2 protein chains.
Amino acid sequence: MPYAEDALQILKSRGYRITQPRRKVLELLERAETALSPYEIKDLLDSAGERVDTVSIYRILECLEDNHLIHRVLTSGKVHKCDLSNEDHCRLDQEDHCHHNLICRSCGAIEEVHCPGLSPLEANLGKQAGFTIETHHLEFSGLCRKCS
Amino acid sequence: MPYAEDALQILKSRGYRITQPRRKVLELLERAETALSPYEIKDLLDSAGERVDTVSIYRILECLEDNHLIHRVLTSGKVHKCDLSNEDHCRLDQEDHCHHNLICRSCGAIEEVHCPGLSPLEANLGKQAGFTIETHHLEFSGLCRKCS
DNA sequence: ATCATTGCAAACCGTTTGCAGCCTT
DNA sequence: AAGGCTGCAAACGGTTTGCAATGAT
């Protein structure tokens with residue numbers, strides 16, 4: 001459950017250090033229901049009195065992304081915490097961790113969807129075009145349960 | 001077939017003017033097999049002796065995108081010509097023209113895929129999460145026929 | 001004590017804005 | 001002739017880099 005703590009332990013096990021700025025960013029991401037841009041993270045931390053330098057936020061996000069602890073929303077570039085309840089989810093050896101997002105256009109809430117792989121339909125699209133599909137990126141936009 | 005000419009006629013019919021810069025950009029896009037960034041377009045035009053100001057390229061691309069004559073690749077932000085052979089493809093009243101891309105990671109070639117709508121699998125994903133899906137963005141990356 | 005990590009300053013780069021002048025209609 | 005469109009200059013804003021200081025191990 002505690003996303004921030006889990007993420008910090010994973011980082012530690014991989015030789016990274018547990019620092020205050022990293023903890024502050026992770027705890028913010030733990031609270032956030034929506035995806036956030038680096039600047040939004042900066043502002044939210046500022047207004048909470050938790051001062052972290054903008055540059056550090058960029059570097060921390062890069063580190064978290066490298067370690068599959070956050071992912072980026074393609075259509076906005078914002079970042080969102082990964083679901084760490086699935087053991088394999090943040091493994092480093094899988095280049096393409098296959099999950100997708102349901103993004104509410106009204107409240108911005110993000111729900112993570114575990115992908116069961118290419119559907120027959122999708123596989124067929126590639127085959128028709130003589131294309132060998134390696135990875136795919138998929139995002140849904142719509143209304144979440146509360147907003148619809 | 002002649003993408004640039006078709007696009008110019010569509011623009012004209014919508015009250016836009018046919019100008020040299022627009023023609024130059026469209027003819028470049030017609031030749032391009034891969035998606036291009038604004039700066040790549042600028043450089044390619046320069047080396048062809050066809051000088052168009054960077055700012056104009058931005059404004060022309062914005063116009064073309066507004067009119068559904070080009071589309072943007074989500075994972076790179078680059079633009080690519082739309083397939084205009086389909087009559088409805090660049091209509092203005094359809095907010096979400098549903099097509100997707102097969103992008104070759106080796107040569108960058110882009111193939112456009114006409115989307116038959118949400119697959120049962122996709123529709124089901126949304127339903128499970130209580131999500132009303134309105135639009136979706138899908139990109140495939142892999143190897144095209146030549147590169148595989 | 002060591003070295004990863006942070007904070008600050010400044011550079012960087014793609015993009016946007018304002019405005020005068022040009023060119024299509 | 002009118003006004004949409006372009007080109008130039010300059011501003012803008014998010015991101016990156018270099019380096020000294022800090023702090024986790």
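Note that the structure is a prediction, hence the values are computed from the model and not measured. Labels below follow one simple rule: chain letters A, B, ... track the order of the sequence lines, proteins then strands, and each chain is numbered from 1.
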(request) Provide, to the nearest angstrom, the distance between the CG atom belonging to B:L61 and the C1' atom belonging to C:dT16. (result) 14 Å

Donor-acceptor contacts, no H, no angles, side chain residues 48-55 of chain B, under 3.5 Å, sequence neighbours left out:
{"unit_1": "B:D53", "atom_1": "OD2", "unit_2": "B:V55", "atom_2": "N", "d": "2.9"}

(request) Round to a whole Å and report the spacing from CD1 of B:I57 to C1' of D:dC8. (result) 14 Å

(message) Which residues pass the salt bridge (Lys or Arg N to Asp or Glu O under 4.0 Å) test with B:E62, not counting sequence neighbours?
(response) none

(message) Could you tell me how far apart B:I60 (CD1) and C:dT16 (C1') are, to the nearest whole angstrom?
(response) 16 Å

(request) State plainly whether the residues A:E30 and A:K81 are in salt-bridge range, i.e. N to O under 4.0 Å. (result) no

(request) Kindly say whether the aromatic ring centers of A:H136 and A:H100 come within a distance under 6.0 Å. (result) yes

(request) Rounded to the nearest angstrom, tell me the gap between atom CD in B:E62 and atom C1' in C:dT17. (result) 12 Å

(request) State which residues pass salt bridge (Lys or Arg N to Asp or Glu O under 4.0 Å) with A:K24; sequence neighbours excluded, sorted by chain then number. (result) none

Look for any protein N or O under 3.5 Å of an N or O in nucleotides 21-25 of chain C and output each such pair with its distance, or none.
{"unit_1": "C:dT24", "atom_1": "O3'", "unit_2": "B:I18", "atom_2": "O", "d": "3.4"}
{"unit_1": "C:dT24", "atom_1": "O2", "unit_2": "B:R17", "atom_2": "NH1", "d": "2.8"}
{"unit_1": "C:dT25", "atom_1": "OP1", "unit_2": "B:I18", "atom_2": "N", "d": "3.1"}

(request) Round to a whole Å and report the spacing from CZ of A:R23 to C1' of C:dA4. (result) 17 Å

(request) Kindly say whether, by distance alone, the side chain of B:R59 makes a donor-acceptor pair under 3.5 Å with the base of D:dG4? (result) no

(request) Determine whether A:I57 and A:L64 fall in the same hydrophobic cluster, where Ile, Leu, Val, Met, Phe, Trp and Tyr are linked whenever their side-chain heavy atoms lie under 4.5 Å apart. (result) yes

(message) Quick check: is A:L44 connected to A:V73 through a chain of hydrophobic side chains (ILVMFWY, heavy atoms under 4.5 Å apart)?
(response) no

(request) Check whether the side chains of A:E134 and B:S141 place a donor and an acceptor atom closer than 3.5 Å, and report yes or no. (result) no

(message) By nearest atom, which of the nucleotides D:dT6, C:dT6, D:dG7 is closest to the B:R22 side chain?
(response) D:dT6

(request) Not counting sequence neighbours, list each pair that qualifies as a salt bridge (Lys or Arg N to Asp or Glu O under 4.0 Å) and has a residue in residues 69-79 of chain A. (result) A:E40-A:K78, A:E65-A:R72

(message) Using whole Å, what does the distance between atom C1' of nucleotide D:dA10 and atom CG of B:D53 come to?
(response) 13 Å

(message) Any residue in residues 36-48 of chain A with a heavy atom nearer than 4.0 angstrom to DNA chain C? Just list them by number, or reply none.
(response) none

(message) What is the separation between atom CG on A:L64 and atom C1' on C:dT6, rounded to the nearest whole Å?
(response) 15 Å

